[in-house]
Amino acid sequence: MGKRLRALLGLMLVSVGFCGVVLGFAGAPLPPHTARDVPAGVSAEPTQDADFAQAVFRPTVILDAGHGGEDGGAVSAAGAAEKTLNLSITLALGDMLRANGVEVIYTRTDDNGLYDGAEPGHRKMADLKNRLAVHQAHPDALFLSIHMNTFSDPRYDGMQFFYSKHHPSSEALAEMLRQANCTHLQPDNTRACKAADSTIYLLDRAEGTSVLAECGFLSNPEEASALMTPEYREQVAAVLCIGILDYLYHIKESPVQ
Ligand SMILES: [Zn+2]
């Protein structure tokens, strides 16, 4: 960690800023208009058409920090709870995306789960249904669920991406995220993207573009201790941001049918 990774993060953030400029999203900050910008006979006031164009061309991403509340998710040997690491990466990623003109919707921004009012024993399903409902309310938005992995053998490490098999755009997004990770953070990671089966409730039922990122193995001591540092979580967030911006640029140029 230390200097090399800090330098990498700086490079990534420059790249992220560059992507935002190239993409030219409607939500990116624009210089203020001056009187000379307005042709004769054209009102300087915003029009309904301008509002409509902005709504249509501004991409939206739903960020879903896995678990929360009484559901802590996986736990590392040192006691780090998955729900806390998921939320930290999610909030950092949201800041990066918004700085690049992407609209961000969160399923949660604090420690609470999404099972309010559900009886014990029904809370996990209520939580998942409420997360799915956020996606269904914004069917054109990208949906990215953030989680941590765990396995009985502590040797395994590395990020991996799962995609919903209901629309080809989900696989395309997962592949962009995988490539961003291999390029910027984990060059030796050979994990392929995988289609989600019915055990991943959200991806199995999602109809829009949906990916789940397993951001590392809490069962691997080295990866777990890296994930416990804010610097490494920022790097994971930067990789995810680059992958999402690459995907948005890709679909802008050649939409997935
Ligand atoms: Zn999880």
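Counting convention: from 1, in listed order, for ligands and their atoms alike. This structure is a prediction, so every number in the text was calculated from the model and none was measured.
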Any N, O or S atom of Glu214 closer than 2.8 Å to the Zn ion (ligand 1): no

Under 3.5 Å: donor-acceptor pair, side chain of Asn100, backbone of Val102: no

Name of whichever N/O/S atom of His147 is nearest to the Zn ion (ligand 1): ND1

For the Zn ion (ligand 1): the N/O/S atom of Glu82 at shortest distance: OE2

His166 and Ser164: side chain donor to acceptor below 3.5 Å: no

Ring geometry between Tyr156 and Phe151 (parallel below 30°, tilted from 30 to 60°, perpendicular above 60°): perpendicular

Distance in Å, Asn181 CG paired with Gln186 CD, rounded so as to fall on 0.5 Å steps: 4.0 Å

